[in-house]
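Each remark here refers to the structure printed beneath this line.
Position 1 is the first residue of the sequence; numbering continues from there. Side chains included, hydrogens not; waters and symmetry mates left out as well; all remaining heavy atoms used.
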Amino acid sequence: MTRAGAGDADDGTTAGCAPAPGGAPGERRLVLVRHGESEANAGRPCPDPCSSPLTARGLRQAERVAHGWRAAPGLIVTSSFVRARQTAGATARRFPGVPCRVWPVGEFRYLSGPPARLASPAGRRPLADAYWRRADPRHRDGPGAESFQELLERAARFLRRAAGLPYGAGPDAAVTVVFTHELFMRAVLWRTLLPDRPVDPDAMSAFHGWRRSLPIGNTGVVQLAVDEEFGVRLKSVGEGGAGVEAP
């Protein structure tokens with residue numbers, strides 16, 4: 001796959017990728033996949049969250065994902081973050097010729113500060129705890145950071161864009177696989193399950209608490225169905241296809 005820049009702009013990159021069989025006729029399936037284990041997930045220092053690569057275990061996880069698809073999809077989407085692109089790359093190599101695009105589906109970057117302090121989990125933890133205790137959806141921590149409200153707006157834009165994709169020919173052409181990140185996946189789930197909930201301090205606190213009760217591990221999967229009659233619907237969460245209740 002062609003390497004993208006630091007941002008998550010749609011760069012029009014075409015590569016190759018894949019996923020699972022489509023749903024009912026007239027239904028689009030969105031399969032969101034969290035990246036494999038990264039150096040940061042393993043607790044290793046990482047000054048730039050965009051460039052944290054996969055560990056050896058993460059690379060093996062990406063290969064398992066790639067070999068788990070039963071058919072090629074119509075489209076693969078990835079964030080520009082290195083760990084997401086590496087995870088997507090394994091699927092791309094299995095299914096050459098399927099279009100691949102970089103969309104703004106990167107991780108929620110809510111902290112801003114000295115790179116040396118943000119590089120380690122121990123340095124980030126007190127800053128993260130203070131951010132969530134503040135419970136201000138419009139607070140932007142500093143340069144390069146995103147507010148909680150902006151995260152949910154980005155998730156809503158993603159859903160609108162994905163719902164507008166052409167269906168193409170054949171059942172699997174209506175499947176889009178999205179290699180992305182934990183907090184962005186949660187934001188998409190939130191907007192799917194609670195599209196009309198106001199973005200206020202209570203919602204932000206509930207989102208943070210819900211995160212603890214609904215684990216989405218490395219290469220965890222969220223499947224959504226999109227059709228004209230019912231809009232966006234949750235199909236399953238997790239590798240086992242377990243259901244999830246609204247927070």
Can you check whether [Y]'s main-chain N or O pairs, donor with acceptor, with [X]'s side chain at less than 3.5 Å?
X: Arg191; Y: Leu159; result: no
X: Gln223; Y: Arg29; result: no
X: Gln149; Y: Val199; result: no
X: Ser52; Y: Ala40; result: yes
X: Arg154; Y: Gly106; result: yes
X: Ser79; Y: Thr180; result: no

Mark yes or no: Arg161 above the aromatic ring of Trp103, with NZ or CZ under 6.0 Å from the six-membered ring centre and no more than 45 degrees from the axis. yes

Do you know the tightest heavy-atom contact between [X] and [Y]?
X: Asp200; Y: Ala203; result: OD1-N, 2.8 Å
X: Val82; Y: Pro53; result: CG1-CA, 4.0 Å
X: Ala163; Y: Val226; result: CB-CG1, 3.6 Å
X: Ala42; Y: Thr55; result: CB-CG2, 4.0 Å
X: Pro201; Y: Ala135; result: CB-O, 3.2 Å
X: Gly36; Y: Leu54; result: O-CD2, 3.3 Å

According to the interplanar angle, ranging from 0 to 90°, do the rings of Phe148 and Phe207 count as parallel (below 30°), tilted (30 to 60°) or perpendicular (above 60°)?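 Perpendicular, since the angle between the ring planes exceeds 60°.
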
Do Val221 and Leu32 pass the side-chain contact (heavy atoms from CB on, under 4.5 Å) test, and can you show the C-alpha distance, the side-chain angles, and the key distance before you say yes or no? CA-CA 6 Å; Val221 174; Leu32 280 67; over 6 Å; no

Side-chain heavy atoms nearer than 4.5 Å, only ILVMFWY residues, links allowed to pass through others: does that put Met185 and Leu183 together?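 Yes.
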
Can you hop from Leu59 to Phe179 via hydrophobic side chains spaced under 4.5 Å? no

Could you grab the distance from atom [atom1] of [X] to atom [atom2] of [Y], nearest 0.5 Å is fine?
X: Arg83; Y: Glu107; atom1: CZ; atom2: CD; answer: 6.5 Å
X: Asn41; Y: Asn218; atom1: CG; atom2: CG; answer: 4.5 Å
X: Lys235; Y: Leu30; atom1: NZ; atom2: CG; answer: 12.0 Å
X: Glu146; Y: Leu152; atom1: CD; atom2: CG; answer: 9.0 Å
X: Phe95; Y: Trp69; atom1: CZ; atom2: CH2; answer: 9.0 Å
X: Arg60; Y: Thr219; atom1: CZ; atom2: OG1; answer: 12.5 Å

Please say whether more than 12 non-hydrogen atoms of neighbouring residues, nucleotides or ligands are located less than 6.0 Å from CZ in Arg140.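 Not buried by this count: 12 neighbours or fewer within 6.0 Å.
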
Derivation of the side chain to side chain donor-acceptor pair (under 3.5 Å) call for Ser205 and Asp202: CA-CA 5 Å; Ser205 296; Asp202 287 343; 5.6 Å; no

Glu182 with Arg186: basic N within carboxylate O range, under 4.0 Å: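 Salt bridge flag = yes for Arg186 with Glu182.
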
Check Glu150 with Arg109, please: is the shortest side-chain N to carboxylate O separation under 4.0 Å?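 No, this pair does not count.
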
Show the numbers, then the answer: is there a side-chain contact (heavy atoms from CB on, under 4.5 Å) between Leu189 and Val237? CA-CA 9 Å; Leu189 274 172; Val237 176; 4.1 Å; yes

Is any side-chain heavy atom of His208 closer than 4.5 Å to a side-chain heavy atom of Arg133? no

Determine whether Tyr131 and Leu127 satisfy the following criterion, side-chain contact (heavy atoms from CB on, under 4.5 Å), listing intermediate values before the conclusion. CA-CA 6 Å; Tyr131 174 84; Leu127 301 177; over 6 Å; no

Which residue is it: Val31, Thr91, Val98? I am looking for the one with a side chain to side chain contact (heavy atoms under 4.5 Å, CB included) to Pro73. Val98

With side-chain contact (heavy atoms from CB on, under 4.5 Å) as the criterion, how do Trp210 and Leu193 come out once you've worked through the C-alpha distance, each side chain's angles and the decisive distance to 0.1 Å? CA-CA 13 Å; Trp210 179 50; Leu193 297 169; 4.2 Å; yes

Give a yes or no on whether the ring-centroid distance for His35 and Phe81 is below 6.0 angstrom. no

